[in-house]
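Report on the structure given below.
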Amino acid sequence: MDIQGLIVFCMELAGTIAFAASGAMAGINRGMDIFGVCVLGVVTAVGGGMTRDVILGNVPGALIRPVYVLIAIVTSLLVFLILYFKRNLLQGRVGAVYEKAMMVMDAVGLGIFTVVGVTTGIAAGYLENTFLLTFLGTLTGVGGGLLRDMMAGVPPYIFVKHIYACASVAGAISCVWIYRAFGQIPAMVVSSALVVGIRFLAAHYRWNLPRVRK
């Protein structure tokens with residue numbers, strides 16, 4: 001594996017862990033057992049990528065290289081076991097720190113999977129199709145979370161937090177443009193950072209529409 005491939009693998013690994021942890025927490029919050037928690041963790045981590053691969057007419061990469069599925073399972077198990085034996089762990093100051101850490105990991109995962117979706121589409125030969133690449137990037141970034149929320153029976157996050165999907169779209173578009181001008185690694189790094197930055201700004205300034213009172 002060359003340096004470029006190693007960088008991409010490490011980014012995908014970080015994104016898998018981040019999304020698997022968020023999926024596991026969603027399952028725990030819904031009172032699921034250990035199997036349900038693991039399923040939600042895996043679906044969140046690889047669901048968007050698998051859907052992307054099906055659209056491209058390929059066997060999902062998570063099935064060919066199950067390392068990502070295994071990492072998602074291990075992450076979900078760790079989250080479940082830690083909270084099972086330490087039920088009050090997330091209360092008080094520790095809980096606040098955990099919430100911030102999860103927001104950071106979720107933002108990083110969104111940025112990483114968005115650019116991975118774009119580069120996968122480029123590798124499939126669609127470098128000149130900006131719309132398709134943007135769609136693939138956004139689907140890879142938010143698809144797993146959408147499946148997670150549907151399986152957990154809660155309103156999909158991308159329909160509640162508007163900037164979540166918009167950040168992915170912006171990152172995907174920038175990834176396409178930067179890739180064409182400077183190559184893969186600059187595109188992935190800069191665009192991932194852009195998604196993370198938008199997510200943090202949105203969280204800080206609460207860029208969401210106010211609820212309409214009935």
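Small disclaimer: the values here were computed from a predicted structure and weren't measured.
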Let me check something: any side-chain donor-acceptor pairs from residues 29-38 under 3.5 Å, sequence neighbours excluded? List them with distances.
from, atom 1, to, atom 2, distance (Å)
Asn29, ND2, Met25, O, 3.2
Arg30, NE, Ala152, O, 2.8
Arg30, NH2, Ala152, O, 3.4
Asp33, OD1, Phe35, N, 3.2
Asp33, OD1, Gly36, N, 2.9

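Of the possible donor and acceptor atoms, one in the side chain of Ser174 sits under 3.5 Å from a partner among the backbone N and O of Gly171. Proximity of a side-chain donor or acceptor of Asp53 to a complementary backbone N or O of Gly61 within less than 3.5 Å is detected. For the pair Ser191 (side chain) and Met188 (backbone), a donor-acceptor distance under 3.5 Å is absent.
When the side chains of ILVMFWY residues are joined at heavy-atom separations under 4.5 Å, either directly or via intervening members, Met151 and Leu139 end up in two distinct hydrophobic clusters. There is no path of hydrophobic side-chain contacts, each under 4.5 Å, that joins Val46 to Val74. Residues Val108 and Val190 are members of separate hydrophobic clusters, defined by side-chain heavy-atom contacts under 4.5 angstrom among Ile, Leu, Val, Met, Phe, Trp and Tyr. Hydrophobic clustering (side-chain heavy atoms under 4.5 Å, transitive across Ile, Leu, Val, Met, Phe, Trp, Tyr) keeps Leu194 apart from Ile178. Taking hydrophobic clusters as Ile, Leu, Val, Met, Phe, Trp and Tyr residues chained together by side-chain heavy-atom distances below 4.5 Å, Leu78 does not share a cluster with Leu83.
The CG atom of Leu70 lies 11.0 Å from the OG1 atom of Thr16; values are rounded to the nearest 0.5 Å. For the atom pair CZ (Phe80) and CD1 (Ile82), the distance works out to 12.0 Å, reported to the nearest 0.5 Å. One finds the CG atom of Asn58 at 7.5 Å from the CD1 atom of Ile64 (value rounded to the nearest 0.5 Å).
Residues Val196 and Leu110 form no side-chain contact, since every pair of their non-hydrogen atoms from C-beta on lies 4.5 Å or further apart. Residues Arg52 and Phe135 are not in side-chain contact: their nearest non-hydrogen atoms beyond the backbone lie 4.5 Å or more apart. Looking at heavy atoms from C-beta onward, Tyr179 lies out of side-chain contact with Val115 at the 4.5 angstrom threshold. Ile122 has its side chain out of reach of Gln184: every pair of non-hydrogen atoms, C-beta onward, lies at least 4.5 Å apart. At least one side-chain heavy atom of Thr134 sits less than 4.5 Å from a side-chain heavy atom of Val169. No side-chain heavy atom of Thr140 sits less than 4.5 Å from a side-chain heavy atom of Thr120. The shortest side-chain heavy-atom distance between Leu136 and Val118 does not fall under the 4.5 Å cut-off. Side-chain atoms of Leu63 and Pro60, non-hydrogen and from C-beta on, do get closer than 4.5 Å to each other.
Closest approach of Ala62 and Met50 over heavy atoms only: CB-CG, 4.0 Å. Smallest separation of non-hydrogen atoms from Arg180 and Asn129: NH2-N, 4.0 Å. The nearest pair of heavy atoms linking Gly47 to Leu147 is CA-CD1, 4.0 Å. Across all non-hydrogen atoms, the minimal contact from Ser168 to Gly141 is OG-CA, 4.4 Å. Nearest heavy-atom pair across Thr119 and Cys175 is CG2-SG, 4.5 Å. Listed here is the closest heavy atom pair of Glu12 and Ile112: N-CG2, 3.9 Å.
Residue pairs meeting the ring pair (Phe, Tyr, Trp, His ring centres under 6.0 Å) criterion with at least one member in residues 103-123, sequence neighbours excluded: Phe19-Phe113.
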message = Please evaluate residues Thr138 and Thr114 with respect to the criterion side chain to side chain contact (heavy atoms under 4.5 Å, CB included), reporting the C-alpha separation (whole Å), side-chain torsions for both, the decisive distance (0.1 Å), and the verdict.
response = CA-CA 6 Å; Thr138 305; Thr114 296; 5.5 Å; no
